Amino acid sequence: MLLPSPVPLSENTSLPSSEALKLLLRRAEMELEAEHFAEVMAALSPHGGMGSEAIDSLLGFALTGLERHEEAALCLHSAFHLGEGSKHPALDLVALFGRLNRREQARKTLEALLKITPNDARVLDALGEILIYLGETEEALRILDHSLDVRPTSPLTMNFKAIALMELGEISEATKIFRKVLQLIPDNASALSNLACIYSALNRSDDALALYRSAIIERPQNATIRLNHSISLLKAGRYAQGWAEHEWRLQLPGHSQLPASLLVPSLGDGVDIRGKRILVTQEEGLGDTLMYLRYIPALARRGAIVHLWVPETLADLCRRVEGAAVVQVGGNVPEFDWHCPFISLPRVFVGTEDAMGNPVPYLHTDPRKDQAARELLPDNGRLNVGLVWGGAPRPNLSSALMLDRKRSTSLASLDPLGKIAGINLISFQKGPHAEQGTTLPCGKEILDLMPYADTMDDTASFLMGIDVLVSVDTSVVHLAGALGRPVLLMDRFDNCWRWLSGRDDSIWYPDLTIIRQKKPHKWDDVVKRVAAHLKKMAAAHKRS
């Protein structure tokens, strides 16, 4: 155990020395991230209540994890009154327990804290934020309105309220709030960036980019704002600047920890990589890796020795990618000359003849698995239609969790597809959304073959045996697109930059058709249009 053994209070009535205290706090923070709440409690409790804001805060966090919410609230209340300035440890509690996917525990502590200080706007803000993440948006608005009664012009509270309204699809009302913040504080970088995000969702690219430029002037080193700016540039099709700006993501937690000095440079200036071992690494979701595998052949054509470091589920697919010399799963960092996260590959090839990578299909399946898949798939003359209605929530990442709520629908919403004659419905759904079952409200049964698909390579072979995939925006879309399979993408209103603006086709996958929401969170019209496509395809399939 990294933490020192606790010393009874009677034997230790003073705080450690300054350096010892720093070490103790660093270790306690690490143990909290590992959910070792009892150990942190044991190590810090002898020093609690001695005038240390940091110790009382961490004790409050540990007690929250131990479900001792009233005691946790007392510690956080004490820490706030000891601290200087206006930041309340409640906001740090929200961040920590979000990373741990323990938001309900944080909520209970915050509710206990409000019993002590019912009109503390900072605690109200923290509770409002956690409720947004928990999907209880109406309750979050009630709490945030209470906070605004206490502090009517708080930019932080107003930002939270606008975010809650956006979750409800009330974009116009959210826009008004961000504008109000900017009237009060014209250079508020958060409001500038958030309003820019709305304009980008509304395909007002010029307005969005102008606001991002103003936000960057105020906070030029803010990696989140710079990353959001890059996404707006990419959605507008401004790739050269967008890919360069997208490298700011590497300043955020959870991205590449390899040396920045050894990141592969852009190749447009004749950089020679012949004989160089380039380590290409997994970074975020599987979809990103599947999309950017198209660039691996281009690295090999320039003489590089390409070493892919990927999750096990992608390993077999990657071994068949042209130019992949080594495919590694797990283990330690291998020797390399240069490294490159998959998401940086488009930046590497900007301005070259390989700016879009290899054409589709650049992924290929195992013929033996294809044959095994065909034996399990229906062969009754009907159109085989694959279905995916939910993405990967990644609940430990608050932004990914909220995104999944917008991009995912429910199995029940696909009920109209079960009433189409001449089609077989086949589930490609995995993860928590698969728990919704395989029966539509109309009684139509969906064939679920995913128990036979342990890896993406297995899924790829099933995709080769269907006629079309109908899916929300998730990794299976990229897998099908990279294989050259037809896809009907059910897309959210504020779509990902990859699908650009105002288009129903894709520059990345020629056999993909985009069917986008006309209003946020409204899937009925999308499903109706998907059904129309499938009816036409089923009729053509019957004639062939």
Side-chain angles (χ1 to χ4, degrees), residues 87-88 90-99 103 106-107 110 121-185 188-202 204 207-208 211-212 215 218-219 222-225 227-229 231-232 252 393-408 492-496 517 519-522:
K87 185 179 180 183
H88 199 290
L91 292 171
D92 291 330
L93 177 75
V94 171
L96 171 63
F97 279 72
R99 292 193 298 274
R103 295 179 182 86
R107 172 190 183 161
L110 293 172
R122 299 167 186 85
V123 180
L124 290 164
D125 287 348
L127 180 56
E129 183 184 12
I130 206 84
L131 287 168
I132 292 171
Y133 296 145
L134 288 169
E136 298 185 31
T137 315
E138 296 285 359
E139 178 65 10
L141 285 171
R142 186 187 71 79
I143 293 293
L144 293 168
D145 281 337
H146 183 183
S147 182
L148 287 170
D149 288 339
V150 179
R151 294 190 305 180
T153 59
S154 165
L156 179 62
T157 313
M158 293 166 75
N159 275 327
F160 281 145
K161 182 176 181 179
I163 290 168
L165 288 167
M166 289 170 64
E167 284 295 291
L168 292 175
E170 301 288 345
I171 293 178
S172 177
E173 292 303 311
T175 301
K176 290 177 184 177
I177 291 179
F178 287 133
R179 286 175 177 159
K180 185 176 179 180
V181 174
L182 292 172
Q183 287 175 353
L184 295 168
I185 311 174
N188 184 282
S190 294
L192 287 165
S193 180
N194 285 330
L195 185 55
C197 186
I198 290 181
Y199 285 157
S200 184
L202 296 173
R204 293 173 55 178
D207 293 332
L211 286 167
Y212 277 127
E218 297 302 322
R219 298 175 70 181
N222 185 291
T224 300
I225 292 175
L227 177 59
N228 289 339
H229 177 225
I231 292 169
S232 194
L252 294 171
R394 288 190 284 174
N396 60 317
L397 296 174
S398 295
S399 58
L401 179 66
M402 292 171 68
L403 171 64
D404 190 60
R405 287 201 199 107
K406 291 189 285 186
R407 69 170 173 175
S408 295
R492 69 182 195 269
F493 176 79
D494 55 335
N495 60 288
C496 175
Q517 290 177 338
K519 294 181 179 179
H521 308 293
K522 302 298 182 183

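Because the structure is predicted, anything quoted here is derived from the model rather than measured.
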Can you tell if the side chain of L144 reaches within under 4.5 Å of the side chain of L124, non-hydrogen atoms only? no
Side chains of R99 and L397, heavy atoms from C-beta outward: is any pair under 4.5 Å?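 Sidechains of L397 and R99: no contact.
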[atom1] of [X] to [atom2] of [Y]: how many Å apart, nearest 0.5 Å?
{"X": "D207", "Y": "L202", "atom1": "CG", "atom2": "CG", "result": "9.5 Å"}
{"X": "E129", "Y": "L110", "atom1": "CD", "atom2": "CG", "result": "9.5 Å"}
{"X": "Y133", "Y": "M402", "atom1": "OH", "atom2": "CE", "result": "6.0 Å"}
{"X": "S193", "Y": "F178", "atom1": "OG", "atom2": "CZ", "result": "9.0 Å"}
{"X": "I143", "Y": "L131", "atom1": "CD1", "atom2": "CG", "result": "6.5 Å"}
{"X": "L168", "Y": "I132", "atom1": "CG", "atom2": "CD1", "result": "9.5 Å"}

List in chain and number order the residues that pass salt bridge (charged side-chain N to carboxylate O under 4.0 Å, His left out) with [X], two or more places apart in sequence or in another chain; answer none if no residue qualifies.
{"X": "E167", "value": "R405"}
{"X": "E218", "value": "none"}
{"X": "R103", "value": "none"}
{"X": "D149", "value": "none"}

Quick check: closest heavy atoms across [X] and [Y], and the distance to 0.1 Å?
{"X": "I177", "Y": "L165", "result": "CD1-CD1, 3.4 Å"}
{"X": "L141", "Y": "A164", "result": "CD2-CB, 3.7 Å"}
{"X": "I198", "Y": "A174", "result": "CD1-CB, 4.1 Å"}
{"X": "H521", "Y": "Q517", "result": "N-OE1, 3.3 Å"}
{"X": "A126", "Y": "A90", "result": "CB-CB, 3.7 Å"}
{"X": "I171", "Y": "P520", "result": "CD1-CG, 3.8 Å"}

Run the salt-bridge test on K406 and D404 with the 4.0 Å N-O cut-off and return the result as yes or no. no
Go through the structure and list residues passing side-chain hydrogen bond (donor to acceptor under 3.5 Å, both in side chains) with [X], not counting sequence neighbours.
{"X": "R394", "value": "none"}
{"X": "Q183", "value": "none"}
{"X": "N194", "value": "none"}
{"X": "K522", "value": "none"}

Which residues pass the side chain to side chain contact (heavy atoms under 4.5 Å, CB included) test with [X], sequence neighbours left out?
{"X": "S232", "answer": "S200, A208, L209, Y212"}
{"X": "P155", "answer": "V181, I185, N188"}
{"X": "S399", "answer": "none"}

Under the side-chain contact (heavy atoms from CB on, under 4.5 Å) rule, what do D145 and L148 come out as? Steps first, then yes or no, please. CA-CA 5 Å; D145 281 337; L148 287 170; 4.2 Å; yes
Begin with the C-alpha distance, continue with both residues' side-chain angles, and end with the deciding distance and a verdict on side-chain contact (heavy atoms from CB on, under 4.5 Å) for R492 and L403. CA-CA 10 Å; R492 69 182 195 269; L403 171 64; 3.3 Å; yes
side-chain contact (heavy atoms from CB on, under 4.5 Å) between L156 and L91, worked out: CA-CA 11 Å; L156 179 62; L91 292 171; 4.2 Å; yes
When you measure from the side chain of R151 to the backbone N and O of T153, does any donor-acceptor pair fall under 3.5 Å? no
Identify which one of L93, I130, V94 satisfies the side-chain contact (heavy atoms from CB on, under 4.5 Å) criterion when paired with R107.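 The passing option is I130.
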Applying ring-ring contact (aromatic ring centres under 6.0 Å, His included), name anything that partners F160, two or more places apart in sequence or on another chain. none
S190 vs N159, test: side-chain hydrogen bond (donor to acceptor under 3.5 Å, both in side chains). Steps then yes/no. CA-CA 8 Å; S190 294; N159 275 327; 4.6 Å; no
